[in-house]
Amino acid sequence: MILVTGALGQIGVDLVERLERMHGPENVIATDLRARQPKVGLNGRFDHLDVTDRDELDRILDAKKITTVYHLAGILSAKGEEKPDLCWRVNINGLKSVLSAAQKRGLKVFWPSSIAVFGHNTPRDDTPQSAVTDPSTMYGITKVMGELLCRYYAERYSVDIRSIRFPGIISYNAPPGGGTTDFAVDMFFQALESGTYECFVAPKTRLPMMYMDDAVKSVIDLMAAKSKHITVRTSYNVTAFSFSAEELVAVIRKYVSEFECTYRPDFRQEIADTWPRTIDDSTARRDWNWKPEFDLHAMARDMLENVSRAVGTPSPTSSVSRHK
Ligand SMILES: NC(=O)c1ccc[n+]([C@@H]2O[C@H](COP(=O)([O-])OP(=O)(O)OC[C@H]3O[C@@H](n4cnc5c(N)ncnc54)[C@H](O)[C@@H]3O)[C@@H](O)[C@H]2O)c1
């Protein structure tokens, strides 16, 4: 039986859908602090769970006979700077509870880290797997601590914990939850809804990103890999492509020619400036055959088709193909 925490979030909604298809909806229990929203996905089993409440966590693990946990509940980078105490409580105490519960029950665990573990002294291009981690945000600090906790529980107690350092994730089913890469999602919605967007990072800001289909694929592939192939018990670098804000605008304008983007960098610019521009994910490729399927253009086409359906506008990708 599978438990997903933070299941109503950007990644949770898509990951739960995939897990339900793979294992059957009766074998997946989606949980979140928030109540289920009728508009956003998740049709299977759902329970309330606050991951900072250890008793509630233990109760649900035992009552539902859980064997695998996908621990997605967390506070993201921009929200974490606004609420650093909450960020620490949820990201560290929540993970520590999941790991210690996993140790007692022999559970297998997936937990996402982030490119936010990197910082000012990290090489920003082709950032290696073993690059120095010196984050300047509370979010990044909780992710570094989380990675070390994961390795500790794996080495000291043989907990089968697997982790990925996600880049910015682009998707359309559930809105992003307050991260520094949210502009890449917002831009698609605003391009189709209003035709204009005010971007909170500068045009040349380049960051590593990934389409949700590939993010979900990476989790499934990593969890399916044989334990003997997992050489990294902190967290694996993975990436799909990198682009600057102005490059994304140019790709969207191929389909939505009237789209206008202006730039007003805010505090998230400083965060982005400490993160890698591109990532070396060769260790994940070697250990568990990681390979993304979507490049920037395939992602943009698919996003425009799906966002246009979501907001009720004609698909700009079909009109471009018709005119060709
Ligand atoms: N989305 C990205 O671009 C990205 C990139 C790198 C890493 N990650 C990591 O992936 C994980 C999921 O990210 P996401 O984008 O889905 O985030 P999100 O903010 O969209 O969703 C997080 C979910 O956790 C829930 N939550 C918050 N506090 C909780 C608590 N105390 N108990 C239970 N649930 C709680 C929220 O209600 C929300 O539904 C996080 O650990 C995040 O750091 C995400």
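Keep in mind it's a predicted model, so treat the numbers as computed, not measured. All ligand and atom numbering here is 1-based and tracks the order in the structure.
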Next on the checklist: Measuring from atom 2 (C) of ligand 1, which candidate in Leu15, Ile75, Ile169, Leu95 has the nearest non-hydrogen atom?
Outcome noted: Ile169
Item to check | Modelled atom types, side-chain donor and acceptor of Asp134 and Asn121, under 3.5 Å | outcome: yes
Item to check | For Gly9, the ligand 1 atoms whose distance to one of its heavy atoms is below 4.0 Å | outcome: 16 (O), 18 (P), 20 (O), 21 (O), 39 (O)
Checklist entry - So is Pro167 in contact with ligand 1, going by heavy-atom distances below 4.0 Å? => result yes
Next on the checklist: For Glu147 and Ser113, which I'm curious about, is there any donor-acceptor pair between the side chains at under 3.5 Å?
Outcome noted: yes
Checklist entry - Is there at least one pair of N or O atoms, one from Asp50 and one from ligand 1, spaced under 3.5 Å apart? => result yes
Next on the checklist: Side chain or backbone, does Tyr139 bring an N or O within less than 3.5 Å of an N or O on ligand 1?
Outcome noted: yes
Checklist entry - Under 4.0 Å from ligand 1, counting heavy atoms only, is it the side chain of Trp111, its backbone, both or neither? => result neither
Checklist entry - Between Ser282 and Asp280, do the side chains contain an N or O donor and an N or O acceptor separated by less than 3.5 Å? => result yes
Next on the checklist: Please determine whether any non-hydrogen atom of Thr5 lies less than 4.0 Å from an atom of ligand 1.
Outcome noted: no
Checklist entry - Can you tell me if Asp221 and Trp290 form a side-chain donor-acceptor pair at under 3.5 Å? => result no
Next on the checklist: Please report whether ligand 1 has a polar contact with Phe166, defined as an N or O pair separated by less than 3.5 Å (distance criterion only).
Outcome noted: no
Checklist entry - In this structure, are over 12 heavy atoms from other groups packed under 6.0 Å from Glu270 atom CD? => result no
Item to check | Ligand-residue contact atoms, ligand 1 with Pro112, heavy atoms, under 4.0 Å | outcome: 9 (C), 10 (O), 11 (C), 41 (O)
Checklist entry - Between Glu247 and Arg206, is the closest basic N to carboxylate O distance under 4.0 Å? => result yes
Checklist entry - Does a donor on one side chain sit under 3.5 Å from an acceptor on the other, for Ser171 and Gln10? => result yes
Checklist entry - Would you say Pro175 has any N or O atom under 3.5 Å from an N or O of ligand 1, going by distance alone? => result no
Checklist entry - Can an N or O of Val51 be found at a distance shorter than 3.5 Å from an N or O of ligand 1? => result yes
Next on the checklist: Run Leu3 and Thr68 through side-chain contact (heavy atoms from CB on, under 4.5 Å) and show every step you take.
Outcome noted: CA-CA 6 Å; Leu3 180 83; Thr68 304; over 6 Å; no
Checklist outcome for this item: Checking heavy atoms under 4.0 Å, the part of Arg165 that sits near ligand 1 is neither
